[in-house]
Amino acid sequence: MEKPTGRDVPAREKKGASAKAVILAAAVFILALHGVIIYNTLRINALGAQISEATRDSFRYSQVSWNFENATEEVSDQVLLFVNTGSEDRLTAYLQQADALREQDAALAAPMRSSEYRANGEIRAAAKAMDQRTDMEWYAARLCMEAFGTEPEKYPELASVVLKAEDLALTPEEQQVRAIRMLSGSEYMQVKSEMHTHITNAVQMISEDNAAEIQQLTATLGRYRAMQWVMTISIISILMIMCTLLFLLLIVPLEKSVSLIQNGEPLPAGKGFSDFRRLAKSYNELLHHRKMMEGYLRRQSLTDALTKMSNRLAFQDYASHLIWERSHSSVTLFSLDVNGLKETNDRNGHACGDELLRECAVCIRDAFGGNEDRRCFRFGGDEFAAIWVDVPAEEVDAAMEAFRKLQTAHNVSISVGFAHTDDLSETTMEELFDEADRFMYKEKAAFYEKENARHAVS
């Protein structure tokens with residue numbers, strides 16, 4: 001390999017600061033600050049979640065309380081309908097709604113988190129009034145069951161209610177009237193009023209407590225957010241300083257190196273961090289070796305090893321070049337195929353077959369090659385091609401005549417077909433190949449027909 005000269009020779013290394021040491025020190029400091037920010041962010045998120053939970057609890061409890069009151073009214077309506085009509089459907093509906101009401105009662109008591117909870121007293125009073133109301137409704141319903149002759153066993157909840165002796169002594173009509181008066185009397189209405197008052201007071205207390213809690217949490221959240229801003233601004237300032245230093249000491253040298261690398265030029269190995277200088281030295285050495293290898297590999301990749309003729313890949317590159325750079329040129333495409341290669345390989349061995357291909361390549365190159373606008377290619381096996389660009393079409397006949405003479409001189413047979421276009425942009429390489437192949441295969445068929453006839457005579 002050639003020895004690097006000029007700019008390819010790496011500059012003498014100099015001692016200097018390591019980018020790794022500088023970045024590591026900055027990274028440790030920034031990570032410590034980020035740890036503080038992460039902790040502060042977690043605290044802010046926790047406070048925000050607490051505020052959201054308190055707000056949801058206040059809204060949810062208000063909804064539960066009002067739904068509870070509406071449900072109690074519906075339950076009262078069902079039991080009143082039963083005592084007035086004696087319909088067991090109404091009684092069944094009452095008991096089902098009463099079960100649902102007990103579940104809402106449990107939800108209503110959920111805020112009682114501790115004995116110091118301010119609304120607990122009102123909630124307990126509301127629950128007590130609820131129990132009294134339920135007792136009165138069950139007693140009235142049980143009394144009407146007695147009046148209407150409803151079987152107690154069908155309703156085990158009410159079967160346990162014990163009626164007073166004086167109520168049992170009443171006639172069915174009097175028992176019904178007694179039940180109706182019980183559910184419309186002042187005592188029942190008083191219990192309902194007390195329950196409503198206690199629920200309203202509990203909701204108000206819970207709302208006030210939640211508002212105070214939210215206010216306190218919001219104030220704490222504001223302090224943490226202020227700390228977050230201070231630390232964030234500090235981080236940004238430090239990062240700006242570090243970015244400035246890195247830009248001047250690392251990015252600028254790298255940007256200059258990018259353009260040099262893109263142009264395939266060596267890097268200046270005497271500037272920047274010591275890491276960069278070592279990198280530049282190694283890169284310059286690799287660049288020199290790469291250029292040498294690229295030239296060699298490029299030549300090898302585009303050349304057929306047997307015939308030393310350009311290969312299929314070279315043909316594709318050349319065709320792409322024509323399409324993009326010379327699309328309005330005239331093009332003549334020749335498709336060639338060696339006759340008798342398989343028979344030669346089978347009869348005399350592949351060494352003779354290879355020699356036949358080399359002889360054919362000489363004929364094709366002498367007839368159709370010559371310069372950049374007259375190029376020949378071997379695709380592989382017995383397939384060859386040639387391209388003429390901006391060559392007058394009348395020269396084709398002379399080339400074909402010379403080609404026939406060359407075949408005779410070299411004792412080879414090659415089928416050939418061609419296609420021509422005055423403007424490449426009006427067709428495609430595939431269409432030209434198809435047309436050239438058709439003529440080539442016609443000639444090849446004629447060759448084998450002639451050969452078969454000759455063997456038949458002999």
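Quick note: residue numbers are just sequence positions, from 1.
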Tell me yes or no: between the side chains of [X] and [Y], is some donor less than 3.5 Å from an acceptor?
| X | Y | result |
| --- | --- | --- |
| Tyr441 | Asp337 | no |
| Thr232 | Gln228 | no |
| Ser335 | Asp437 | yes |

Evaluate whether atom [atom1] of [X] has more than 12 neighbouring non-hydrogen atoms of other residues, nucleotides or ligands under 6.0 angstrom away.
| X | atom1 | value |
| --- | --- | --- |
| Gln216 | CD | no |
| Gln215 | CD | no |
| Arg90 | CZ | no |
| His321 | NE2 | yes |
| Glu187 | CD | no |

Does [X] use its side chain to pair, donor to acceptor, with the backbone of [Y] at less than 3.5 Å?
| X | Y | answer |
| --- | --- | --- |
| Thr41 | Ile37 | yes |
| Asn284 | Leu267 | yes |
| Asn263 | Glu265 | no |
| Gln175 | Asp167 | yes |
| Ser259 | Lys256 | yes |
| Gln176 | Asn84 | yes |

If you round to the nearest 0.5 Å, how far is [atom2] of [Y] from [atom1] of [X]?
| X | Y | atom1 | atom2 | answer |
| --- | --- | --- | --- | --- |
| Leu357 | Asp382 | CG | CG | 7.5 Å |
| Arg225 | Thr218 | CZ | OG1 | 8.5 Å |
| Thr427 | Asp434 | OG1 | CG | 9.0 Å |
| Thr150 | Met145 | OG1 | CE | 5.5 Å |
| Thr134 | Met195 | OG1 | CE | 8.0 Å |
| Leu158 | Glu153 | CG | CD | 12.0 Å |

Item to complete: Check whether the ring centres of Phe433 and Phe439 lie less than 6.0 Å apart, and answer yes or no.
Response: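 Not close enough - the centres of the two rings lie 6.0 Å or further apart.
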
Assess whether a salt bridge exists between [X] and [Y], defined as any Lys/Arg side-chain N lying under 4.0 Å from an Asp/Glu carboxylate O.
| X | Y | value |
| --- | --- | --- |
| Asp390 | Arg326 | yes |
| Lys154 | Glu88 | yes |
| Arg358 | Glu355 | yes |

Discussion item. Given Phe334, which partner from the list Phe377, Phe384, Phe368 fulfils the side chain to side chain contact (heavy atoms under 4.5 Å, CB included) test?
Written reply: Phe368

Quick one, [X] and [Y] - any side-chain contact, counting heavy atoms below 4.5 Å?
| X | Y | answer |
| --- | --- | --- |
| Arg223 | Met227 | no |
| Ile387 | Thr332 | no |
| Glu431 | Glu435 | no |
| Trp388 | Leu333 | no |
| Leu424 | Leu432 | yes |
| Asn345 | His350 | yes |

Which heavy atom in [X] sits nearest to a heavy atom in [Y], and how many Å separate them?
| X | Y | value |
| --- | --- | --- |
| Leu183 | Met189 | O-CE, 4.0 Å |
| Cys376 | Ile364 | SG-O, 3.6 Å |
| Ser330 | Val391 | OG-N, 4.1 Å |
| Ala305 | Lys308 | O-NZ, 3.2 Å |
| His328 | Asp423 | CA-OD1, 3.1 Å |
| Leu81 | Thr85 | O-OG1, 2.6 Å |

Worksheet item: Between Leu163 and Tyr139, is a side chain to side chain contact (heavy atoms under 4.5 Å, CB included) present by the stated rule, with each step listed?
Response: CA-CA 7 Å; Leu163 298 176; Tyr139 191 89; 3.8 Å; yes

Discussion item. Before you tell me yes or no, could you show the steps for Arg133 and Tyr188 under side chain to side chain contact (heavy atoms under 4.5 Å, CB included), namely the whole-Å CA-CA distance, both residues' side-chain angles and the distance that decides it to 0.1 Å?
Written reply: CA-CA 7 Å; Arg133 175 177 173 171; Tyr188 181 75; 3.4 Å; yes

Discussion item. Quick one, Leu217 with Thr220, criterion side chain to side chain contact (heavy atoms under 4.5 Å, CB included). Give me CA distance, side-chain angles, the key distance, then yes/no.
Written reply: CA-CA 5 Å; Leu217 291 172; Thr220 305; 5.6 Å; no

With a cut-off of 3.5 Å and sequence neighbours excluded, list every side-chain donor-acceptor pair involving residues 309-320.
| residue | atom | partner | partner atom | Å |
| --- | --- | --- | --- | --- |
| Asn311 | OD1 | Leu313 | N | 3.2 |
| Asn311 | OD1 | Ala314 | N | 3.0 |
| Asn311 | ND2 | Ser301 | O | 2.6 |
| Asp317 | OD2 | Arg298 | NH2 | 3.1 |
| Tyr318 | OH | Glu372 | O | 2.9 |
| Ser320 | OG | Gln316 | O | 3.0 |

Fill in: Residues in side chain to side chain donor-acceptor pair (under 3.5 Å) contact with Glu146, at least two apart in sequence or another chain
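Partners of Glu146 under the side chain to side chain donor-acceptor pair (under 3.5 Å) test: Arg142.
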
Fill in: Verdict with reasoning, Ile44 to Tyr39, per side chain to side chain contact (heavy atoms under 4.5 Å, CB included)
CA-CA 9 Å; Ile44 289 173; Tyr39 171 77; over 6 Å; no

